[in-house]
Number of protein chains: 2
Amino acid sequence: MFFGEYTYKVDEKGRAPLPPKFRRQMKEGVILAKGMGEKCIAAYPVAEWKRLSDSLAAKAVTPANLRRLNRAIFGSAFGASLDGQGRIILPFSLREYAGIGDTAIVVGANNCVELWSEGEWQAEKKSAEEQASEIIESFGA
Amino acid sequence: MFFGEYTYKVDEKGRAPLPPKFRRQMKEGVILAKGMGEKCIAAYPVAEWKRLSDSLAAKAVTPANLRRLNRAIFGSAFGASLDGQGRIILPFSLREYAGIGDTAIVVGANNCVELWSEGEWQAEKKSAEEQASEIIESFGA
DNA sequence: AGAATTGTGGGGAAAAGTGGGGAAAAAGGG
DNA sequence: CCCTTTTTCCCCACTTTTCCCCACAATTCT
């Protein structure tokens, strides 16, 4: 389970630290992918990634469908591992996609970790909070 | 179950004591989050927080919906644990949000503990009491 | 009144954030 | 095919922050 919001520098080599509390769960390796829909980078522990991609594949009805899905999911994914300091290297293409420059906001989102640029995160955070309070108000907590 | 109202100093390191009676229930760790709607800090025992976040997540209808909810709920949460003196460290961002300076009002609120600034607490207390008596009068107690 | 517990403060050790250098591997050109 | 150049990756080092422990004063309980 990941939670919390952290701000880190991304150095010239494209390295971003992960919060120490996340590292133990990431030790077996990480899969980096484009955030689906949102302009962010999603980092999954390998085990969780497998779970997700399997459950998605199970929903593909035709073989052609499945091939497409596999391309979309695996094509844009990168494997990464932590260095001795607990950092991961963010491929340039993903940084570009998420608009991440020299600062990254690292957000724990339950089953995955998301990396955002400052600007995109501010916007997303606001609308996510609004949506959350709607749900809370209407359903009760 | 938490109840009672206590006043404590918050020291320069941002540490606030919890009432001794609360400590046993908090020993396994605490999750700190913004009070929803109100300008306070909410502290949940981990078990209770899991219960809450699970029941909320179950109410998200679409995947995109769920991701947003996860961001809002998990992203704004902090893990904390008691030190040897029974204190927790309040992150600066939460103290700022709740307007807590060097004094915190610690309030037991049944399933969680809330931390308030003096000013906000006075206002909230007043309106809460008025509303409570209305509810009691209309339903019978 | 004495003893234990609690509120409050501070100091020191350990860990985390950040940056850079050098070896190994990969890529490219002669 | 080999040598050169570039890139990748791993390790080291420094600074700052965090965390844990100790200590004293005040209060409560017996």
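Here the structure is a predicted model, which is why all the values come from computation and not from measurement. A, B, ... follow the sequence lines: proteins, then strands. Residue 1 opens every chain.
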Completion exercise
Rounded to whole Å, the NZ-C1' distance (B/Lys9 to C/dG10) equals 16 Å
Fill in the blank from the handout: For A/Leu32 and A/Pro91 the tightest heavy-atom approach is CD1-CD, 3.8 Å
Practice task
Could you encode protein contacts along nucleotides 21-30 of chain D as a string, one character per nucleotide from 5' to 3', using B for base contact, S for sugar-phosphate-only contact and - for no contact, with a heavy-atom cut-off of under 4.0 Å?
Solution key: BBB-------
Fill in the blank from the handout: A/Leu18 CG to C/dG17 P, in whole Å, measures 10 Å
Practice task
Using a strict cut-off of less than 4.0 Å between a Lys/Arg side-chain nitrogen and an Asp/Glu carboxylate oxygen, indicate whether B/Lys125 and B/Glu5 qualify as a salt bridge.
Solution key: yes
Handout entry: Spacing between A/Lys13 atom NZ and C/dG20 atom P, to the nearest angstrom
Key = 9 Å
Practice task
Check the angle between the aromatic planes of A/Trp49 and A/Tyr44 and answer parallel, tilted or perpendicular using the 30° and 60° thresholds.
Solution key: tilted
Exercise for the section: Inspect the contact between A/Lys50 and A/Asp54 and indicate whether a charged nitrogen and a carboxylate oxygen are less than 4.0 angstrom apart. Expected result: no
Problem - Side chains of B/Glu38 and B/Trp116, donor plus acceptor under 3.5 Å - result: no
Handout entry: Whichever of A/Lys21 and A/Ile89 has its nearest DNA chain D nucleotide further upstream toward 5'
Key = A/Ile89
Exercise for the section: Would you work out how much the helix from C/dA1-D/dT30 to C/dG30-D/dC1 bends between its ends, with each end axis defined by five base pairs, to 10 degrees? Expected result: 40°
Exercise for the section: Report the distance from atom CG of A/Asp102 to atom C1' of C/dG19, rounded to the nearest whole Å. Expected result: 14 Å
Handout entry: Side-chain N or O of B/Tyr8 closer than 4.0 Å to phosphate OP1/OP2 of C/dT8
Key = no
Exercise for the section: Answer yes or no: does a side-chain N or O of B/Arg23 lie under 4.0 Å from OP1 or OP2 of C/dT5? Expected result: no
Practice task
Whole angstrom is fine here: how far is it from OH in B/Tyr6 over to P in C/dG7?
Solution key: 9 Å
Fill in the blank from the handout: Taken to the nearest whole Å, CZ/A/Phe92 to C1'/D/dT8 is 17 Å
Handout entry: Spacing between B/Asp11 atom CG and C/dG10 atom P, to the nearest angstrom
Key = 8 Å
Problem - Distance-only side-chain donor-acceptor flag, A/Trp121 / A/Glu114, under 3.5 Å - result: no
Practice task
Flag yes if more than 12 heavy atoms outside A/Arg68 fall under 6.0 Å of its CZ atom; otherwise flag no.
Solution key: no
Handout entry: A/Glu48 and A/Arg51 ion-paired at < 4.0 Å
Key = yes
Problem - CZ (B/Phe3) with more than 12 external heavy atoms under 6.0 Å - result: no
Problem - Gap between atoms CG and C1', on B/Leu82 and C/dG7 respectively (whole Å) - result: 15 Å
